[in-house]
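Whatever order the structure lists ligands and atoms in, that order sets their numbers, starting from 1.
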Amino acid sequence: MTSSPTEVITELADALKEWLPTQRWFAGKDRAVESVTPVQAVSLVDGDPALVHSVIEVRQNGSSDRYQLLIGLRSELPDHLGHAWIGTRAQLACYDATQDTELTGLLLDLIARGESLAGLDFQHEPGAELESGLKSRPVGAEQSNTSLVYGHHYILKLFRKLVTGTNPDLTLHRALRAQQCEHIAEPLGAIQGSVAGEDVTFGMLQRFLPDAADGWAMATASVRDLMAEGEKHPEEVGGDFAGEARRLGQAVAEVHADLADALGSGSEGRELLETTVDAMQRRLDTVLAAVPELGAHEQGLRAAFEDARGLTDPIAVQHIHGDLHLGQVLRTVLGWVLIDFEGEPAAPAAERLSLRSPLRDVAGMLRSFDYAAHQLLVGYPGGSEDQLTERALEWARRNRDAFCAGYAEKAADPREHAVLLRALELDKAVYEVAYEHGNRPEWLAVPLSSIARITGS
Ligand SMILES: Nc1ncnc2c1ncn2[C@@H]1O[C@H](COP(=O)(O)OP(=O)(O)O)[C@@H](O)[C@H]1O
Ligand SMILES: O=P(O)(O)O[C@H]1O[C@H](CO)[C@@H](O[C@H]2O[C@H](CO)[C@@H](O)[C@H](O)[C@H]2O)[C@H](O)[C@H]1O
């Protein structure tokens, strides 16, 4: 490589403008990319292949976000890396190096050795003895970040959109580990560094749970079973999920209790309600401007948010998961594990780190039961009164109740806060409208139809 790492990224800028919107983890797919510039770039491996670690600034619609890139450079790109190609410069193929097992092994080895390289600190958690020399494979699932699995042992998440300060995913995992929480995958290491003088977390290594099934796959299999059973009710079919939903409710309540013990909790009154409802209304303004289909429900949404403003009881607050849904929970033989404590990918860092009502996580999970029940019906020609829709509603009701009942076995019953819970659920559904609009427009009907049902609009 004759050019400097920064020159490489600068020369790749045009290719990156095309490539970024094709990546699942790129958060700005709904806006044109105006420019891509390197904030910093360092060489981690010289030679052929070479490896450059870079932070880029992506400008869109007048604002900008920072993303982490690992760029591989090779004189010849083998076929198995063809899908990772970004562009060619100075006769070198430049590609997404997270897909290159010849290069990614180094990241685990550096963490295992606890080394610093080119301004990046590769750390293992105190007492963690890590095996090195393992090859990685990328996690197949489409995600907000890029995760690599090493053997059957470890999973390394490389954060894509960067936030300043220690990433909440790492902070909360460390806090839960200190509480010996049973419902997490143990954090084992991290890649830390700085960008423009501010600390940044680039990666987090965790114990990989090879035999875990994800909650979304389990729940949707249960819905499919039910729909195949014609006239039967959820409790009458073998694939009933309510027992798991109850255990999941217990696990979420236990994680909340551990987070509160580790990081503190409080109680808030009027001021929090005002800022919470103001934020809901602002989010609604933004999403309404982007997704006209939401307009039909504006009145119902605003009224539900304002109902919450009128509440008088104090609200318990603490650190929470922040983006809890069935895709963020894994069922192992020992029980449920929660993953990905990063919060909503689109939320500002300060909001993700603030103390909030744990009912937000409950609302996220309730939304997810609704999603699991209704996503099979996307594009389905039946009317809203037909039998499959009835089954979907029944499944969602049963599992939402079971989840709340499980939660109530370990903490206060979330159903006692119906007005706030309803507002939080609707706020989450508004977020989902924006999320689906930007990422999976064919699924937009899922949150929209829930909003219609909940608000009666
Ligand atoms: N400890 C783990 N063991 C097994 N699989 C995991 C583990 N952590 C994450 N996964 C898998 O990797 C996927 C991505 O992880 P996640 O933390 O949700 O990343 P993202 O921030 O990109 O959404 C999850 O959906 C899950 O399937
Ligand atoms: O990438 P993350 O897992 O951090 O979260 C984002 O993507 C999720 C989809 O993968 C999205 O979740 C929505 O769809 C789920 C089904 O795919 C459903 O279970 C959730 O209830 C629904 O919110 C999530 O909102 C988004 O932040």
Side-chain angles (χ1 to χ4, degrees), residues 23-27 29 68 98 136-163 167-170 172-173 177 183-188 201 203-220 223 248 321-332 336-347 352 360-376 378 396 399-400 403 424-425 427-440 442-447 450:
Q23 301 304 299
R24 162 65 172 81
W25 46 260
F26 182 62
K29 289 195 263 310
Q68 171 178 212
T98 63
S136 78
R137 64 178 166 81
V139 167
E142 296 226 313
Q143 299 297 334
S144 304
N145 297 293
T146 298
S147 292
L148 305 174
V149 175
Y150 290 87
H152 285 297
H153 302 57
Y154 315 121
I155 179 163
L156 173 64
K157 184 190 313 201
L158 295 164
F159 295 105
R160 288 301 196 163
K161 189 170 156 191
L162 298 174
V163 291
N167 192 295
D169 208 3
L170 183 60
L172 298 195
H173 268 103
R177 182 184 187 234
H183 301 294
I184 56 162
E186 187 190 2
L188 297 168
T201 306
M204 178 174 72
L205 187 76
Q206 281 179 281
R207 175 120 15 243
F208 181 63
L209 307 168
D211 301 321
D214 90 81
W216 175 255
M218 289 173 70
T220 48
V223 176
L248 184 54
H321 180 284
D323 189 21
L324 198 56
H325 57 82
L326 284 161
Q328 310 279 40
V329 293
L330 302 175
R331 179 70 162 95
T332 73
W336 285 102
V337 165
L338 276 55
I339 57 170
D340 196 4
F341 286 73
E342 206 188 352
E344 279 175 8
R352 299 195 220 173
R360 272 186 193 276
D361 285 345
V362 173
M365 201 50 98
L366 296 182
R367 288 288 316 119
S368 211
F369 286 118
D370 213 61
Y371 249 79
H374 290 97
Q375 52 83 37
L376 280 180
V378 168
N399 287 287
R400 287 161 57 99
F403 176 83
L424 289 168
E425 243 202 279
D427 179 51
K428 184 77 190 181
V430 170
Y431 164 82
E432 289 165 347
V433 166
Y435 177 83
E436 301 302 355
H437 182 253
N439 291 280
R440 304 181 291 200
E442 67 284 8
W443 279 29
L444 190 55
V446 178
S450 304

So is there a nitrogen or oxygen of [X] less than 3.5 Å from a nitrogen or oxygen in ligand 2?
| X | result |
| --- | --- |
| D323 | yes |
| E432 | yes |
| H325 | yes |
| S368 | yes |
| R367 | no |

Numbered atoms of ligand 1 (with element) below 4.0 Å of [X], judged on heavy atoms:
| X | value |
| --- | --- |
| A185 | 1 (N) |
| L330 | 2 (C), 3 (N), 4 (C), 5 (N), 6 (C), 7 (C) |
| Q328 | 18 (O) |
| I339 | 8 (N), 9 (C), 18 (O), 24 (C), 26 (C) |

Measure across [X] and [Y] and return the closest heavy-atom pair with its distance rounded to 0.1 Å.
| X | Y | answer |
| --- | --- | --- |
| S368 | H325 | OG-CB, 3.4 Å |
| A212 | T332 | CB-CG2, 4.1 Å |
| Y150 | S136 | CE2-CB, 3.5 Å |
| D361 | G322 | OD1-N, 2.9 Å |
| K29 | W25 | NZ-N, 4.5 Å |

My understanding is that we take every heavy atom of each candidate and find the minimum distance to [atom]. Doing that for [options], which one comes out nearest?
| atom | options | result |
| --- | --- | --- |
| atom 17 (O) of ligand 1 | Q143, R24, K157 | K157 |
| atom 6 (C) of ligand 1 | I155, D323, T146 | I155 |
| atom 3 (N) of ligand 1 | V139, V329, L209 | L209 |

Heavy-atom contacts with [X] under 4.0 Å: which atoms of ligand 2 show up? List them by number with element.
| X | result |
| --- | --- |
| Y431 | 25 (O), 26 (C), 27 (O) |
| S144 | 1 (O), 2 (P), 4 (O) |
| Q328 | 2 (P), 3 (O), 4 (O) |

At the 4.0 Å heavy-atom cut-off, does [X] count as touching ligand 1?
| X | answer |
| --- | --- |
| S144 | yes |
| D214 | no |
| Q206 | no |

**Request:** Look at the aromatic rings of H173 and F341 and report parallel, tilted or perpendicular, splitting at 30° and 60°.
**Result:**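 Perpendicular.
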**Asked** Taking atom types as modelled, is there a side-chain donor on E342 or N145 under 3.5 Å from an acceptor on the other?
**Response**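 Indeed, the side chains of E342 and N145 share at least one donor-acceptor pair under 3.5 Å.
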Under-4.0 Å heavy-atom contact with ligand 2, by part of [X] that carries it:
| X | answer |
| --- | --- |
| E342 | neither |
| R24 | side chain |
| D340 | side chain |

**Verdict with reasoning, L156 to M204, per side chain to side chain contact (heavy atoms under 4.5 Å, CB included)** = CA-CA 6 Å; L156 173 64; M204 178 174 72; 5.8 Å; no
**CA sep, side-chain torsions, deciding dist, call: E436, V446, side chain to side chain contact (heavy atoms under 4.5 Å, CB included)** = CA-CA 9 Å; E436 301 302 355; V446 178; 5.9 Å; no
**Prompt:** Backbone or side chain, does any N or O of S147 fall under 3.5 Å from an N or O of ligand 1?
**Reply:**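 For ligand 1, there is no N or O atom that lies under 3.5 Å from one belonging to S147.
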**Item:** Short side-chain to backbone donor-acceptor contact, R400 and L366, under 3.5 Å
**Value:**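 Side chain of R400 to backbone of L366: a pair is present.
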